[in-house]
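These notes concern the structure reproduced below.
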2 protein chains.
Amino acid sequence: MAKQPICDCDVIHKELVNDTQNKMKSEEDYLKLAGLFKMFDDKTRVKILHALEQNEMCVCDLAVLLGVTKSAVSHQLKALRLANLVKYRREAQIVYYSLADEHVKEILDIGFNHLYE
Amino acid sequence: MAKQPICDCDVIHKELVNDTQNKMKSEEDYLKLAGLFKMFDDKTRVKILHALEQNEMCVCDLAVLLGVTKSAVSHQLKALRLANLVKYRREAQIVYYSLADEHVKEILDIGFNHLYE
DNA sequence: AGAGTAGTTGAACAGTTGCTCAACTATCGC
DNA sequence: GCGATAGTTGAGCAACTGTTCAACTACTCT
C-alpha cells in the first residue's frame, strides 16, 4: 500500500527537478521513443535497414546477404513492419521490402555520423 | 564442419545482392551502431537523457524525477558513461551528470520528430 | 576518528529477446 | 489439383537486460 522509498537523500535540487519535470514529455512518448530505437538496437535489424536503404529486396536476398535464415529475417521484418519502418509489395510469390520513409535513413545516418565522430 | 544451409531459395536477385553487398559497412560498424541505439531503447534511459538535455543533475535528482532508485539510475548512468553519451563532474559528495555532446540531443530530436510525424 | 549522506557496484532474479525448428499459407507452372 | 518455391508464424530455448538488494567507497562535518 505505502509507496516504496525511492531515494534516501535529503538535499535534492528542487528547482532543477521541478524545472526539468515541466519540460519532460509524457510517459507514453518515452515508451514510443524507446520502442522506435529498439528497432535499431540489434545488429541484424540495422543491417536489414541499411541494406534496404541501398536496394529494395526480397526476404531471400536479405537472408543470403546477411547469412541468416529466411525465418530469422522474416521475424525481424515483421517487427520492422509493425514499427512502420519498412513497407512491402508482393509480386507473384516474391515479397519485396523497402524502407517506409526518409526518417529511417536519417536515423541511420545520424548514428553512423556519431560513430565516425 | 559443413556450413548450415541458410536459404533454400533458387531465384535470388544476384545483382541486387552484390550491389548491396558492396555498399554495406563492416560487421563492427553495425555492432557499434546497434550498441549506440541500445542506449536509447529503454524508457528509463531515454528519460534520463532527455532530462539531462534540460538540466545538469545529480543521481538523486534523477531518481526523484523518474521515480526509481538511486541504484537503478546509477547503473543506467554507468552504461551511458561507457557509451560516451553523458559526462559528469564531482562537487563534494555530489556527482553532476550532463550530456556528453550535441549528438545525443540530435538523436533524441530526430526520434521525437518521427513520433510526431 | 566517527557518523552521515551521495554514489557505485556485483550478485541474483524476473522479464524480455533473437534464433531455430517445424508446420503452415500463398502463389506459380504444369 | 499437384508439386515446388517464397514467405510467415508460434513454440521453445538460450542468452541478455533492468531492477532490486545489500554491501561497499567517497566525501563532508563535527
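Below, read A as the first sequence line, B as the second, and so on, with proteins coming before strands; counting in each chain starts at 1. The figures here come from the full heavy-atom set of this structure, side chains too, leaving out hydrogens, waters and symmetry mates.
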A side-chain contact here means heavy atoms from C-beta on lying under 4.5 Å apart; do E56(A) and R89(A) qualify?
yes
Between Y97(B) and dT8(C), does any side-chain N or O lie under 4.0 Å from OP1 or OP2?
yes
Base contacts versus sugar-phosphate-only contacts with protein, heavy atoms under 4.0 Å: please encode nucleotides 22-30 of chain D as B, S and - from 5' to 3'.
B----BS--
Can you tell me the distance, in whole Å, between the NE2 atom of H13(B) and the P atom of dA6(D)?
10 Å
Which atom pairs, one a donor and one an acceptor, fall under 3.5 Å between side chains of residues 96-103 of chain A and the rest of the protein, sequence neighbours left out?
| from | atom 1 | to | atom 2 | distance (Å) |
| --- | --- | --- | --- | --- |
| Y96(A) | OH | H13(B) | NE2 | 2.9 |
| Y97(A) | OH | R81(A) | NE | 3.3 |
| D101(A) | OD1 | H103(A) | N | 2.8 |

Using a strict heavy-atom distance below 4.0 Å, which residues from residues 75-86 of chain A are in contact with DNA chain C?
H75(A), Q76(A)
Whole-Å distance, L31(A) CG to dG18(D) P, equals 14 Å
K70(A) NZ to dA26(C) P, straight-line distance once rounded to whole Å:
16 Å
Residues that N84(A) engages under side chain to side chain contact (heavy atoms under 4.5 Å, CB included), provided they are two or more places apart:
none
Are I110(A) and L115(A) grouped together when hydrophobic residues (ILVMFWY) are joined by side-chain heavy atoms under 4.5 angstrom apart?
yes
Could you work out, with side chain to side chain contact (heavy atoms under 4.5 Å, CB included) as the rule, every residue matching S74(A), not counting sequence neighbours?
none
Which residue pairs pass the ring-ring contact (aromatic ring centres under 6.0 Å, His included) test when at least one of the two sits in residues 16-36 of chain B, sequence neighbours left out?
H50(A)-Y30(B)
With rounding to the nearest 0.5 angstrom, report the CG to CG distance, N18(A) to D61(B).
10.5 Å
In whole angstroms, how far is the P atom of dT5(C) from the CG atom of D61(B)?
17 Å
How about V104(A) and L80(A): do any of their side-chain heavy atoms sit closer than 4.5 Å?
no
Rounding to the nearest 10°, end axes of the helix from dA1(C)-dT30(D) to dC30(C)-dG1(D) built from five pairs each make an angle of 30°
Near DNA chain C, counting only heavy atoms under 4.0 Å, which residues of residues 41-55 of chain A show up?
D41(A), D42(A), T44(A), R45(A)
Could you tell me whether the phosphate oxygens of dT20(C), OP1 or OP2, come under 4.0 Å of any side-chain nitrogen or oxygen in T69(A)?
yes
Just checking F112(A): does its CZ atom have more than 12 heavy atoms from other residues, nucleotides or ligands closer to it than 6.0 angstrom?
yes
Applying side chain to side chain contact (heavy atoms under 4.5 Å, CB included), can you list everything that pairs with A51(B), at least two apart in sequence or on another chain?
T20(A), M24(A), M57(B), L62(B), L65(B)
Considering residues at least two apart in sequence or located in another chain, which fulfil the side chain to side chain contact (heavy atoms under 4.5 Å, CB included) criterion with D109(B)?
E53(B), K105(B)
How would you label the contact of Y96(B) with the nucleic acid (heavy atoms, under 4.0 Å): base, sugar-phosphate, or nothing?
nothing
Among dT20(C), dA6(C), dT8(D), which nucleotide has an atom closest to any side-chain atom of V59(A)?
dT8(D)
Please name all residues satisfying ring pair (Phe, Tyr, Trp, His ring centres under 6.0 Å) with F37(A), sequence neighbours left out, ordered by chain then number.
F37(B), F40(B)
Step-by-step side-chain contact (heavy atoms from CB on, under 4.5 Å) determination, L49(A) to V86(A):
CA-CA 8 Å; L49(A) 291 170; V86(A) 301; 3.9 Å; yes
Does anything in residues 32-39 of chain A come within less than 4.0 Å of DNA chain D? Heavy atoms only, and list the residues if so.
none
